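First up is the structure itself, then whatever we jot down about it.
Start at 1 with the first residue, then count along the sequence. Atoms within each ligand, like the ligands themselves, are counted from 1 in listed order. Since the structure is predicted, the reported quantities are computational estimates derived from the model, not experimental observations.
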Amino acid sequence: MSIPAPMAMLAELTHRCPLSCPYCSNPVELTRKEAELTTGDWLDAFRQAAELGVLQLHLSGGEPVSRRDLPELVAGARAAGLYTNLITSGIGLGEARLDALEAAGLDHVQLSLQGTDAAMADRIGGYRGGFDRKMQVAGWMKERGIPMTLNTVLHRQNLHQLPRAIEMAQEMGARRIEVAVVQFHGWALPNRAALMPTRAQSDEATRIVTEARARLKGKLVLDYVPADYHTEKPKRCMGGWGMVGLNITPEGTVLPCHAAETIPHLRFETIRETPLRDIWYDSAAFNAYRGDAWMQEPCRSCDLKKVDFGGCRCQAMALAGDPAATDPVCRKSPLHAEIQSCAEEVATSATADFSYRMM
Ligand code: FES
């Protein structure tokens, strides 16, 4: 098969973060500051990415603002010809820092929203005062006209706030809102009982998004990631394994997706030792689930196999114990009924306490 060049790269600059969200998608084992790539390592990675064909660079974490060299990294990425998108909680961004990032050429910011009021947001983020700081940062960005997307992660405890989140995106002058119902990777899996939405909540979220898309056409774009366990069709995770994008962890490991290290038999290479081009085209891990040759039934004979690629490999690993299995959220998976009844049962759990992400 012919392998396309990657379009996007997610640089997880650091795992350090002032928030400790219970659905954080970072691995349960976090990388310490001392092991992070240096400024020079990252700048070299950005140049290699641009040469490989990457167009969009997402600067993420953890909290990427925790890196003091962030303006230098943005300037280097822009010099390499990359479009730069900062994914941040806003905590730690003062006006001077924002000005430095703008001067460095930052193209776009995705601001996370944990809840639409301080009580909810600060409890979910595990950081008192975080919501007020975030609102201040949103105001500074609006004043400066920095293009912004508001990112919301919704779950059983805050899904009722979706209409207000959509209003807030408009008030902030955002061009886009990403409405993502929590996906159960990283820290979200052990918090599943406290986060799983009910089917009624999941249906209501779809209704609200559909209505808002029609009402706000031309004013606000709504991206929507529905509740995974309550759907019938699996998501086309990462646009297909090794087809559209790649991730680099804080210590330089190159991954096809943020959760790929949960697949135990795969060995991932590091940008410290191997050129990015060689990893993308030739590494065993990137080739493991490309295309459809690896598929088993029912994926192998499915009409949709080139549409959804059998869903998410990491979720197949987590729920079926086999990364080459059909993602159990698919209605054709032999585990589908079991996953749906598990979701129904977990969603009615009385558990509201979170196990917070800790360094
Ligand atoms: Fe790894 Fe979906 S998160 S393939």
Side-chain angles (χ1 to χ4, degrees), residues 1 3-4 6-12 15 21 23-30 58 60-62 87 151 153 155 178 180-192 195 223-250 253-269 279-280 283-296 299 302 304-330 332-333 335-336 339 343 357:
M1 64 173 287
I3 302 169
M7 195 179 70
M9 183 166 94
L10 185 108
E12 294 171 10
H15 280 158
C21 303
Y23 47 72
C24 179
S25 62
N26 285 153
V28 176
E29 281 296 317
L30 298 173
H58 304 288
S60 172
I87 302 172
N151 281 5
V153 176
H155 44 82
E178 183 179 299
V181 182
V182 64
Q183 307 289 298
F184 292 102
H185 298 294
W187 296 72
L189 198 52
N191 280 301
R192 198 166 63 172
L195 295 170
D223 292 330
Y224 181 44
V225 182
D228 212 17
Y229 285 31
H230 292 302
T231 54
E232 301 289 309
K233 292 181 187 167
K235 59 179 178 274
R236 180 186 169 98
C237 200
M238 292 298 291
W241 181 277
M243 298 301 279
V244 178
L246 57 104
N247 289 18
I248 303 188
T249 71
T253 307
V254 184
L255 305 175
C257 68
H258 60 275
E261 288 173 297
T262 59
I263 300 178
H265 74 272
L266 295 180
R267 294 285 163 264
F268 298 102
E269 295 174 65
I279 297 175
W280 175 259
S283 74
F286 270 80
N287 283 309
Y289 303 110
R290 268 192 176 125
D292 56 22
W294 54 271
M295 287 180 183
Q296 311 166 8
C299 290
C302 179
L304 297 176
K305 70 179 177 183
K306 290 191 194 306
V307 175
D308 59 31
F309 299 107
C312 173
R313 297 305 89 225
C314 301
Q315 187 145 274
M317 178 71 228
L319 300 180
D322 176 4
T326 302
D327 184 338
V329 307
C330 177
K332 291 189 177 177
S333 162
L335 293 173
H336 180 67
I339 291 302
R357 175 197 126 133

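When side chains are defined from C-beta on, V329 does not count as touching K235, because their heavy atoms never get closer than 4.5 Å.
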Checklist entry - Do E269 and V254 pass the side chain to side chain contact (heavy atoms under 4.5 Å, CB included) test, and can you show the C-alpha distance, the side-chain angles, and the key distance before you say yes or no? => result CA-CA 6 Å; E269 295 174 65; V254 184; 6.0 Å; no
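With waters neither drawn nor counted, the protein N/O/S atoms under 2.8 Å from atom 2 (Fe) of ligand 1 amount to 2.
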Residues 255-268, side-chain donor-acceptor partners within the protein, below 3.5 Å, at least two apart:
unit_1	atom_1	unit_2	atom_2	d
T262	OG1	A259	O	2.7
H265	NE2	Y289	OH	3.4
R267	NH1	P264	O	3.2

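The NE2 atom of H185 sits 13.0 Å away from atom CE of M317, with the distance rounded to the nearest 0.5 Å. Interatomic distance, L335 CG to L319 CG, rounded to the nearest 0.5 Å: 8.0 Å. Rounding to the nearest 0.5 Å places CG of D308 at 7.0 Å from SG of C299.
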